[in-house]
Amino acid sequence: MDSNGIGWWWPEEEKKRERERRKEVREKQSIGLISLLLDGLGFNYPFHHARLVWVCPYNAVGEVFMSSDESLLLESDPRPVIHHRRGKSGSRTYLCGHGSFSSSVFEAALADISDLDVKEQNKEVVLSSDCSFHPASFSNINSSAVESKFPWQFPLECPTRERRRSASWGAMELHDADNRSVPFEISGASSHVQDKLNSKSQRIRHKSVQFDDPAFQEDGARLIYINDPRKTNDKYEFTGNEIRTSRYTFVTFLPKNLFIQFHRVAYLYFLAIAALNQLPPLAVFGRTVSLFPLLFVLCVTAIKDGYEDWRRHRSDRNENNRESLVLQSGDFRSKKWKKIQAGEVVKIFADETIPADMVLLGTSDQSGLAYIQTMNLDGESNLKTRYARQETASVVASESCDVFGVIRCEQPNRNIYEFTANMEFNGVKFSLSQSNIVLRGCQLKNTDWIIGVVVYAGQETKAMLNSAASPSKRSRLECYMNRETLWLSVFLFIMCLVVALGMCLWLVRHNNQLDTLPYYRKRYFTTGPDNGKRYKYYGIPMEAFFSFLSSVIVFQIMIPISLYITMELVRLGQSYFMIEDRDMYDASSGSRFQCRSLNINEDLGQIRYIFSDKTGTLTENKMEFRRASVHGKNYGSSLPMVDNTAAADVTPKRRWKLKSEIAVDSELMIMLRGNSDREERVSGHEFFLTLAACNTVIPIHGDGGFSSCGTNGLNEDIGRIDYQGESPDEQALVSAASAYGYTLFERTSGHIVIDVNGEKLRLDVLGLHEFDSVRKRMSVVIRFPDNAVKVLVKGADSSMFSILENGSESNNSIRHTTQSHLNEYSSEGLRTLVIGSRDLSDAELEEWQSRYEEASTSLTDRATKLRQTAALIESNLKLLGATGIEDKLQEGVPEAIEALRQAGIKVWVLTGDKQETAISIGLSCKLLSGDMQQIIINGTSEVECRNLLADAKAKYGVKSLSGGRRSLKHKTNAGLGDLDIPNGFPKWIPGKEEGTIAPLALIIDGNSLVYILEKELESELFDLAISCRVVLCCRVAPLQKAGIVDLIKSRTDDMTLAIGDGANDVSMIQMADVGVGICGQEGRQAVMASDFAMGQFQFLKKLLLVHGHWNYQRVGYLVLYNFYRNAVFVLMLFWYILCTAFSTTSALTDWSSVFYSVIYTSVPTIIVGIQDKDLSHRTLLQYPKLYGSGHRQEAYNMQLFWITMIDTVWQSLVLFYIPLFTYKDSSIDIWSMGSLWTIAVVILVNVHLGMDINRWVLITHVAIWGSIIITYGCMVILDSIPVFPNYWTIYNLARSPTYWITILLIIIVSLLPRFICKVVYQIFWPSDIQIAREAELMRKRQANLRPRQQVSS
């Protein structure tokens, strides 16, 4: 602190640390000082154009404290002098004292600050409030001149008192008359100013730019100080690198798990029941016994959750305790992952896993190139390139990496394909993108080592942010089940109300007899001390109320709590058999079926609409270069018959051999090598250069190594080369270029090397505009060895033809010819791209570079700014040609689509390909047929789309449907119309849709959907689309795919399924009721977001028609049976209570009531729900129309529910009254009757289940009959315990023939009506399934009779 109060605080340890840094990094970082100077230093710039920006890296100066009475004092020289240098941009390197820092100027919001005083005080300029300057003396400055040039209002950035710790400083930027940035350079030399300022101080008010960091102009940006984790984490409090995927700790497990479990309303219901049973007036069951069902369910779930969470804890512990090398005190030392912080510099070796999201600083490759595998992140097995910026790669070495700088990056987000940031390093500001960051979980491959700085750690890494599961879905049948559960609750309330009212009336009628009746009395009549005392009698109203609550306790299992556990176990078993189905195993990829969601198995049996992607879902996504149009001439029409040997006479000796050979067109090869037209040959040369250069693929040499920057010449021997890229299209195009003599064999961050017919051509990559869904094209700016600069562009025809140059007639002729070639390629089902190029002048290049640098370093709207920058050079292109790539259909796709259509499922294809390609694929996969009327909607405005929709509806007589949600359930008569039953089997008649004579196909493009997917036109599209058999949506964006799914899902009650293989299908998959992911060539993004995953589209046929049908039939019956099983038991107790003066007493023991749904009858239900099959898979696949039973909800509907309830009432009456009448005149006690009712109801419900089983196997017999045996065993045990009131009852009953005859009579009388109804219904009104089952049995019998007939003959 000097006499003027100018000074700052600097801890001793920071001073020592700073001195070491200066020595190690050769004074690259140090302290700078901003002094306010008037323009008397020789600069003719008005001061009001000045903007002051203070940049003070923490690693240079530590923490800076400034106040109104403090100023900055340089330790080495308190009198710095500012030298002015004119530059082209405001980003330069400036030496400040002993270091350098950036002069980049940042914008910030203006804020009021207190007055600024400028006084003459010891030849110093003093600024009041929060900022002080010590500029020393000013020489040769006239005070009047100063006043004339000083307008006294200027923006001045100063830290407030509250922001001291984040104050930063470093550079000043002035603007001249042309508003050009003029940077200053500050050095440590002395300077003396001799003239005084005006003796009279002037007081002014001004606006000050408030800031607290160098990135104050970037809203929401985070700052990472390289190699300074303490400062990085001190203020911002970033999360550590410790991850936690577990839900619980030892302390929180019990309360948190119970809290999660009690989100189920049924659990709360049974908790309330158990609580009521603890009250003395309501203690119907034993207090311990009443808790058993709920505790059993809670314990089973808690044990399962606890085991799963223990595994997560173990995995987290192993992950957090892994070690990596971290830069500490100038050396790389081992450090556990959980202790790594943002800002630390980490070194990773080959095949190691990345511990956090890191920006690359350098690699073992001199050009900063690294290869990573992202399989753990997105499932993609192909390697990807990442680059360290040359500015840092040249500094970083394996031994020394003591570097400093500031990274400004976006806040943590889930987007693994985008990263927006910039870095200030050694005074240079440059952009960072997704290619400069390596993410946690990735592995380093084919690179010796990399060094990077951590920007996101722990839970903020993109991998952890993406670890959330896909949205939870509930099955449609479960929603219906909740509706029926509500009806059961109504029944329960009515029964309890009847009991309460009955008791009230009974008490009123027998009020004077209560002391002498067995169930109620007002006083005790005993010989003990209680004789004459009043009994716990609360009066008629309260006794009636207690009776209501007691009835709720007695009838509690009317709401089946066990159904939740049963359904989970059944779905788990169903999933096991789906996973183990060998017919759904993809041998080519080694992937088997996956059940990623266990909640919606039964929904697979009710699908009405399928929304499918095309590329990689219907096709193989293995691209092969087939056709090319170069300079208006078509090549490759006979390509399949031509191989490389056909062009041997014009092809020089090949130096590179592709992993898989590609057929070439000899005519095209001759054009490239021969004496053809020069302009045509130049176009062909640039055409294949574009294919080889405009991409992001990685060349891989045959020895398994990757191309290095130090390639010296080309070997004479033939080398094997292969390519890996993020897009199969790019790989196909680069491989095709190599086949024609343009081999990309080296790629770095700054250049590529192409072998052009044996000659090495090095091209400097000046910039790359990657493909995006808005531009629909990709471009690269390259510099040739002769310093010529070209932009090479490839993209979709819809986006390319609009940016071609309007030239001569020959150019227009080439354009029209190329367009006709594209139409021809599309009609053949090929994927098309248009190729173009353009020369850039120096002025255009300079303008583009300036805009590109600004856009690429922006932290806000970078993508939009880059698109605008790309538009500068992506214009007036020269048309070079077009390509046609074949993407073959997957095996079995046409047959699968035909089977699904026969099953009554509508298949819609949503693709990003152009319309002609989609139509061609639709025809080849039998989605479209020649007799279909095609309705094409290609509108360019909302009015045009409205007119096209209206015209189509009028032409084909499509009527608008009224109402909100519409249920489009197509009813069919099982015995008439479209069913022909030769030999007992239903037969599908192709060509007839329900109610449709002329099938319609709607074809619509994404541009039209932009205008249609508005609320006014959605209904018009909906009416037209549901009237069509097929809908093809072309050129659609990912969100448009989700919009189409939502169009059907929100307006109908029909089930929807979406299937895709890429990241662009994720939104569609998550929007649909059922999402299916394909394990294809585009990674596993779709798989990770899906409910089910499989290897090929054709497996969808068996998944829906077989497993979907089985699951729906099983679960539908399971729910109805559980309702019946519990209701028949409750109604039996209800009839008993009505006969016992509404006293809510029970003839059954407490344990029998508890064990009934948990042990006695649960196992058969689970086994049947997993194993039962109404039809064989062969029959279901042979006759897809049987799938329609799910559309008609034959297995579970409201009608079946009410029929089941009526049958339940009948069976409960028989179950109660037959034993009552049988033993009416006997002396049997109530506990013996209870034992009889218990065993009778268990046998009844199991025989009832056996009547409905379609397929008896060994495990089914064991479950059904074993359940009855277990029930007898439990009753024997319980009746052998002397303390129980039912002691020895089973032994007395079992000796009596009446006991066994009564049970047999109960079974026959209870099930006789059900048996008669089933027989009558099956004879006179059989369903498709019943007919098919009978025919299946007949076929089996005939097959069994043939061997016997042969033997007898």
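Along the sequence shown, residues carry numbers from 1. What you see is a predicted model; the values in this text were computed from it and never measured.
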K.L.:
Taking atom types as modelled, is there a side-chain donor on N695 or R747 under 3.5 Å from an acceptor on the other?
P.N.:
yes

K.L.:
Any salt bridge between K888 and E886, counting N to O under 4.0 Å?
P.N.:
no

K.L.:
For E944, does the CD atom have more than 12 heavy-atom neighbours from other residues, nucleotides or ligands under 6.0 Å away?
P.N.:
yes

K.L.:
Answer whether the closest heavy-atom distance between the side chains of E730 and Y723 falls below 4.5 Å.
P.N.:
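No - every pair of side-chain heavy atoms lies 4.5 Å or more apart.
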
K.L.:
Looking at A628, is its backbone amide N or carbonyl O close enough to the side chain of Y825 to form a donor-acceptor pair, meaning the two atoms are under 3.5 Å apart?
P.N.:
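Yes, the answer is positive, given that a donor and an acceptor are paired below the 3.5 Å cut-off.
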
K.L.:
Looking only at heavy atoms, which two atoms of D665 and G636 are closest? And how far apart?
P.N.:
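Answer, listing the atom of D665 first, then G636: OD2-N, 2.6 Å.
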
K.L.:
Does the R777 side chain pair with the main chain of V793, one donor and one acceptor, at a distance under 3.5 Å?
P.N.:
no

K.L.:
Can you check whether Y387's main-chain N or O pairs, donor with acceptor, with S435's side chain at less than 3.5 Å?
P.N.:
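Not confirmed, S435 side chain does not pair with Y387 backbone.
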
K.L.:
Have Y371 and D365 got a donor and an acceptor in their side chains that come within less than 3.5 Å?
P.N.:
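No, no side-chain donor-acceptor contact under 3.5 Å.
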
K.L.:
So, the side chain of E759 versus the backbone of V756: is there a donor-acceptor pair under 3.5 Å, distance only?
P.N.:
no

K.L.:
Between the side chain of Q890 and the main-chain N/O of T617, is any donor-acceptor distance below 3.5 Å?
P.N.:
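Looks like yes, one N/O pair under 3.5 Å.
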
K.L.:
So which heavy atom on S433 is nearest to which on R862, and how close?
P.N.:
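Here S433 and R862 meet closest at CA-NH1, 3.9 Å.
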
K.L.:
Hey, are the side chains of L432 and I437 touching, using non-hydrogen atoms and a 4.5 Å cut-off?
P.N.:
no

K.L.:
Indicate the atoms forming the closest heavy-atom contact of F1097 with S612, along with that distance.
P.N.:
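In terms of heavy atoms, the two residues are closest at CE1-OG, 3.8 Å.
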
K.L.:
Under 6.0 Å between ring centres: does that hold for H631 and F687?
P.N.:
no

K.L.:
Please walk me through it: do R1035 and N938 pass side-chain hydrogen bond (donor to acceptor under 3.5 Å, both in side chains)?
P.N.:
CA-CA 11 Å; R1035 297 294 195 194; N938 291 337; over 6 Å; no

K.L.:
Decide salt bridge (charged side-chain N to carboxylate O under 4.0 Å, His left out) for E828 and R627; before the verdict, give the C-alpha distance in whole Å, the side-chain angles of both, and the deciding distance to 0.1 Å.
P.N.:
CA-CA 10 Å; E828 297 174 3; R627 306 289 293 275; 3.0 Å; yes

K.L.:
Would E686 and K790 pass as an ion pair if we require N to O under 4.0 Å?
P.N.:
yes

K.L.:
Can any side-chain N or O of K794 pair as donor or acceptor with the backbone N or O of C694 at less than 3.5 Å?
P.N.:
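Indeed, once roles are kept as given, a pair shorter than 3.5 Å links the two residues.
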
K.L.:
If every non-hydrogen atom of S779 is compared with every non-hydrogen atom of V791, which pair is closest and at what distance?
P.N.:
CB-CG2, 4.0 Å

K.L.:
State whether the side chain of S858 and the backbone N or O of S856 hold a donor-acceptor pair below 3.5 Å, judged by distance alone.
P.N.:
no

K.L.:
Evaluate the side-chain proximity of L761 to L689: yes if any heavy-atom separation is below 4.5 Å, no if none is.
P.N.:
yes

K.L.:
Should we count CG of L1039 as having more than 12 external heavy atoms under 6.0 Å?
P.N.:
no

K.L.:
Check for a donor-acceptor pair, side chain of R762 on one end and backbone N or O of V753 on the other, with a separation under 3.5 Å.
P.N.:
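Pair absent, no side-chain N/O of R762 close to backbone of V753.
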
K.L.:
Tell me every residue that passes ring pair (Phe, Tyr, Trp, His ring centres under 6.0 Å) with H685, counting only those two or more places apart in sequence or in another chain.
P.N.:
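H685: ring pair (Phe, Tyr, Trp, His ring centres under 6.0 Å) contacts with Y742.
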
K.L.:
Using distance alone, with no hydrogens and no angle criterion, decide if N823 and S820 have a side-chain donor and acceptor under 3.5 Å apart.
P.N.:
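On atom types as modelled, these side chains do not qualify, holding no pair under 3.5 Å.
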
K.L.:
Taking the side chain as every heavy atom from C-beta outward, state whether D1061 and D1065 have any atom pair closer than 4.5 Å.
P.N.:
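They are in side-chain contact.
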
K.L.:
Test your reading of the model: is there a side-chain donor-acceptor pair from R815 to the backbone of E805, 3.5 Å cut-off?
P.N.:
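Checked: no pair found.
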
K.L.:
For S850 and E847, indicate whether the former's side chain and the latter's backbone hold a donor-acceptor pair under 3.5 Å.
P.N.:
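Side chain of S850 to backbone of E847, a donor-acceptor pair under 3.5 Å: no, none is there.
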
